[in-house]
Amino acid sequence: MCGIVGYVGDNQAAPFLLEGLSKLEYRGYDSAGIAVFDGKGIRVEKSVGRLAALRDKIKDNMPVGTIGIGHTRWATHGRPSDRNAHPHTDCSGDFVIVHNGIIENYLSLKEELIETGHDFKSETDTEVVAHLLEEVYNGDFVSSVREVLRRIEGSYSLVFMSKKHPEELICTKQDNPLVIGIGEGENFIASDIPAIIARTRRTYIMNDGELAVVTKDAIKITNRAGEPVTKKVFEVNWNAEAAEKGGYEHFMLKEIHEQPKAVRDTMSQRIAKDGKSIVMKELKWDADYLNSFRKVHMVACGTAYHAALVGKFYIERLARIPVEVDVASEFRYRQPIVDESTLLIVVSQSGETSDTLAALKESKRLGAKTLALTNVVGSSIAREADQVLYTWAGPEIAVASTKAYTTQIILFFMLALYMAELKGSQTPEAVESLIGKLKEIPAQIGETLSDVEPIKTFAKQYGFNEDVFYIGRSLDYEVALEGALKLKEISYIHAEAYAAGELKHGTLALIVEGVPVIALATQKSVYEKTLSNIKEVKARDAVVIGIAAQGNTDLEKYVDHVIYIPNTDELLIPILAVVPLQLLAYYAAITRGCDVDKPRNLAKSVTVE
Ligand code: M6R
């Protein structure tokens, strides 16, 4: 996730570009840059760090000109640096582009372009687009851009600018957002409405495959076939704050709804074209390397720890390698048995959690090989670990982690399949079938998010209870832990998760009439066992809300309400089952009037021990 902007008009471009980018920093903030045509050439200015660093750099020498583009970056390919900051240019500097998304076939394109003499300056996937445009340019800007689009694969919103066509910008999108703001004697381009709302409320929301040629007086939009498209003007009636949250009331809700796209991005480039195997270009492991490990040891905090528990399940089940999981704050102080034969995996959305970082350093000291699963490119944990897998979820702003969790689980699932392939512990048919199910997950999350009304109703009904219990067995238990944490941290309701079979060893004493129990019953292999635990709490007059896969109507006989989620392989169900629990926590917090995005006493990134 990055933010892009464009301006063409009667006024100076740079002030709008900087103002627009400042409203898009929620989309990324590890570097920023702008490019402005000054009548002779295109001046590109960029800087690593937040937008303030760029502002500082150019404050006494602002680029002058009335057409330009800008970018605020959230690194995916290539660490945050001046070189990797956008805009990117071709060899001559005549073509300049900004990009949000991932060009999946950039490596093969880059090789081809290097062979034909192109000189690359960055490690990004994006730069290939500028060089490709230079390579295919035929004198006609639009048809050359179309040729580029035919050759690139992946997700993008792109703005193209050329010294040879100094009065127009071309923009297009595929699977990433793009809006055009309609002004008078000027027009605007942006990833999102907050960037333009101070200048105009009249917009075109671009659809996938559409391409717009934007000049100061006209916006010409065509479809993939080059036919003109007549679009309705979308009048924005949100205030600036709502616009930043994409029209959602809170970042948390926005991020919950971003999950289909986030998990799709995590998978992107990691599934072979034929859908038969997992590709982990970042790892370059072979069977001997993997077999050199006696065990895997995972360390993380909070939600990332819960994701690691699911990861343990996947690696043990699919790759048959023993896995231990520790809370990072405990790990260092219990003299863990970690040495050269340990693969130490740390999980951290921010990549900055102090306990996780300390555990990573300690493990390296003890000789372990280390792998980080993180969301933030160039973070301390990413830099410290021997190897890194990024979740590519985009920035997570809300303190309560949502899309980080689901993307971490997706990444663990893919890692486990990758290990299983190397070890030969699963048949090729089984791997292919699981990959098939994995590919359905983004749409299935979307389905889960399509009807939130029953969840809102439960939240209103039970939002004022003092205690809520979550129970489940096997993977359902791991999800229950995450569901309870979500409820606790944002609604301040006392919530506890229990392995359903453990209830009778103490906790059952707390179950009295009217206590809400969320019972996860998605795991077919332990369904009958879970049912007997549900009967135990029902017999004490608890109010039970069951979570089940579609088709399991049997559960309705034993509980008060059922929330259904789409059906998939048992192993993948946690990714779907957690979504109603995130929503339940969110709406319970709303019912209680809590500050959802900034819960009391908590910080997004815990950089103290
Ligand atoms: O950035 P990290 O993933 O290392 O953060 C770990 C925890 O602090 C984090 O998951 C925390 O538990 C969240 N607030 C949970 O929603």
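Ligands are counted one by one from 1 in listed order, and the atoms in each one are counted from 1 as well.
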Task: Residues Ser525 and Glu570: side-chain donor-acceptor under 3.5 angstrom - done: yes
TODO: Sort and list the pairs that fulfil salt bridge (charged side-chain N to carboxylate O under 4.0 Å, His left out) and have at least one residue in residues 299-314, not counting sequence neighbours.
DONE: Lys312-Glu316
- [ ] List in chain and number order the residues that pass side-chain contact (heavy atoms from CB on, under 4.5 Å) with Ser81, two or more places apart in sequence or in another chain; answer none if no residue qualifies.
- [x] Arg79, Arg83, Asn84
Open item on the list: Under a 4.0 Å threshold between the charged nitrogen and the carboxylate oxygen, would Glu324 count as salt-bridged to Arg334?
Closed with: yes
TODO: Inspect the contact between Arg332 and Asp355 and indicate whether a charged nitrogen and a carboxylate oxygen are less than 4.0 angstrom apart.
DONE: yes
- [ ] Scan for salt bridge (charged side-chain N to carboxylate O under 4.0 Å, His left out) pairs involving residues 452-463, sequence neighbours excluded, and state none if there are none.
- [x] Glu453-Lys456
TODO: Taking only heavy atoms of the protein into account, state which residues are under 4.0 angstrom from an atom of ligand 1, in chain and number order.
DONE: Cys301, Gly302, Thr303, Ala304, Ser348, Gln349, Ser350, Thr353, Val399, Ala400, Ser401, Lys486, Glu489
